There are 2 protein chains.
Amino acid sequence: MSTRSAEPIDPVALEVVELIGDVVARYHEEYDEAASRHSLTGAQARVLGLLSLEPMPMRRIARRLKCEPSNVTGIVDRLEARGLVERRPDPSDRRVKLAAVTDRGKDTARLLRDSLDFAREPLAGLTVAERALLRDLLRRMLGEETP
Amino acid sequence: MSTRSAEPIDPVALEVVELIGDVVARYHEEYDEAASRHSLTGAQARVLGLLSLEPMPMRRIARRLKCEPSNVTGIVDRLEARGLVERRPDPSDRRVKLAAVTDRGKDTARLLRDSLDFAREPLAGLTVAERALLRDLLRRMLGEETP
DNA sequence: ACCTGGTTACTTGACAACATGAAACATCCA
DNA sequence: TGGATGTTTCATGTTGTCAAGTAACCAGGT
């Protein structure tokens with residue numbers, strides 16, 4: 001997996017990595033702030049956002065969050081205690097519990113998305129063409145093929 | 001602070017935001033994995049990295065981490081218990097304690113940096129010119145002026 | 001010079017959220 | 001029936017907040 005680079009490290013690459021660090025910091029800052037504006041923690045907001053797309057078994061949430069399933073139990077517990085999420089039985093498998101947003105949860109998730117300024121603010125300084133360029137570069141950096 | 005956009009949202013901007021989400025996820029994945037390869041948590045690795053550049057009063061660490069100073073006490077406690085960091089008095093102000101990496105801490109910090117593949121791996125697919133372009137776009141996106 | 005009061009730096013304590021791992025339980029499936 | 005899977009519970013550790021406490025700095029004013 002890890003490329004043992006014998007090549008001298010490109011100073012521009014280092015700058016890019018530094019900038020990505022800044023992007024990550026900024027992303028979290030804004031995300032957590034948006035979450036706490038709705039009295040949610042980052043993890044809770046993340047799960048709520050996931051479930052607002054489609055109901056999902058606990059197991060799958062854990063995979064998305066890259067954490068243990070036992071952890072998800074607690075997070076969903078807290079969301080459920082606040083009426084944002086509910087557990088439903090899965091008709092096709094009585095072992096699994098589907099976590100699904102309630103109506104209130106759906107509203108909250110929408111508000112959360114809207115209050116996430118990261119989508120608009122930092123990109124405002126770029127032209128449409130530059131955004132497209134940025135998109136393509138990020139795609140290739142992430143190794144996603146553009147078929 | 002937040003731009004109340006009346007304008008319809010640029011679909012390309014949404015794609016970029018999605019990609020940035022991917023970048024953030026990937027960044028964390030690699031960072032935490034590198035940290036746990038050395039039996040460190042993410043926060044511990046972060047502080048160790050900070051201190052490997054220069055010793056720093058607790059207060060400043062807290063500001064960099066954007067958390068309460070009381071939290072830093074615990075993190076430095078754990079790093080100190082493992083001999084990676086030590087507290088020194090500040091000669092110019094007896095209230096402050098300077099956290100500084102030990103020799104072992106410095107070694108660990110270097111190993112940590114080296115094993116952080118994010119610097120090389122994902123940028124490998126880009127040419128030098130493209131990296132420079134990406135750097136400039138990220139800079140402008142983050143609102144840093146290039147004087 | 002000597003308090004005195006306000007500020008700053010750090011720690012401690014209580015508590016909540018997150019995270020892991022092991023063990024328990026019900027359910028599925030070959 | 002026996003092994004695998006999905007969820008929860010429990011014990012434990014780390015990270016985070018906030019309030020309170022201690023020590024030290026730094027103004028004044030007398």
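Convention: sequence-line order gives letters A, B, ...; per-chain numbering from 1. Worth knowing before you read on, the calculation uses all heavy atoms, side chains too, and leaves out hydrogens, waters and symmetry mates. Values in this document were obtained by computation on a predicted structure and should not be read as measured data.
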Q: Within residues 94-102 of chain B, find the residues that approach DNA chain D with a heavy atom at under 4.0 Å, and present them sorted by residue number.
A: B:Arg94, B:Arg95
Q: Go through residues 42-67 of chain A and report each residue with a non-hydrogen atom lying under 4.0 Å from DNA chain D, sorted by number.
A: A:Pro57, A:Met58, A:Arg59
Q) Do side-chain atoms of B:Thr102 reach the backbone of B:Gly83 as a donor and acceptor pair under 3.5 angstrom? A) yes
Q) When rounded to the nearest 0.5 angstrom, what is the spacing between CD in B:Glu86 and CD in B:Glu80? A) 7.5 Å
Q. Contact boundaries of DNA chain C with chain A (under 4.0 Å, heavy atoms), 5' to 3'?
A. C:dA17 to C:dC28
**Q.** Gap between atom CG of A:Asp32 and atom NZ of B:Lys66 - 0.5 Å precision
**A.** 11.5 Å
Q) Rounded to the nearest Å, what distance is computed from the CG atom of residue A:Asn71 to the P atom of nucleotide D:dA11? A) 17 Å
Q) For A:Ser70 and D:dT8, is the shortest distance between a side-chain N/O and OP1 or OP2 below 4.0 Å? A) no
Q: Write down the distance between CG (A:Asp90) and P (D:dT8), rounded to a whole number of angstrom.
A: 13 Å
Q | Whole-Å gap separating C1' (D:dG16) and NE2 (A:His28) | A | 14 Å
Q. In residues 75-87 of chain B, what residues come within less than 4.0 Å of DNA chain D, judged by heavy atoms?
A. B:Ile75, B:Arg78
Q) Just how far is it from atom CZ of B:Arg140 to atom CG of A:Leu126, taken to the nearest 0.5 Å? A) 5.5 Å
Q: Please name all residues satisfying side chain to side chain donor-acceptor pair (under 3.5 Å) with B:Asp107, sequence neighbours left out, ordered by chain then number.
A: none
Q) Among all residues two or more places apart in sequence or in another chain, which pass the side chain to side chain contact (heavy atoms under 4.5 Å, CB included) test with A:Arg94? A) none
Q | side chain to side chain donor-acceptor pair (under 3.5 Å) against B:Arg78, all qualifying residues, sequence neighbours excluded | A | none
Q: List for me each residue that meets side chain to side chain contact (heavy atoms under 4.5 Å, CB included) alongside B:Ala25, sequence neighbours excluded, and say none if there are none.
A: none
Q | Shared-cluster residues of B:Leu98, by chain and number - hydrophobic side chains joined below 4.5 Å | A | B:Val96
Q: List for me each residue that meets side chain to side chain donor-acceptor pair (under 3.5 Å) alongside B:Glu33, sequence neighbours excluded, and say none if there are none.
A: B:Arg37
Q) Among all residues two or more places apart in sequence or in another chain, which pass the side chain to side chain donor-acceptor pair (under 3.5 Å) test with B:Ser39? A) none
Q: Answer yes or no: is there a donor N or O on one side and an acceptor on the other, between the side chain of B:Arg131 and the main chain of A:Val16, under 3.5 Å?
A: no
Q. How does the hydrophobic cluster around A:Ile75 look, that is, which other residues are in it when side-chain heavy atoms under 4.5 Å mark a link?
A. A:Leu40, A:Val47, A:Leu48, A:Leu50, A:Leu51, A:Met56, A:Met58, A:Ile61, A:Leu65, A:Val72, A:Val76, A:Leu79, A:Leu84, A:Val85, A:Val101, A:Leu112
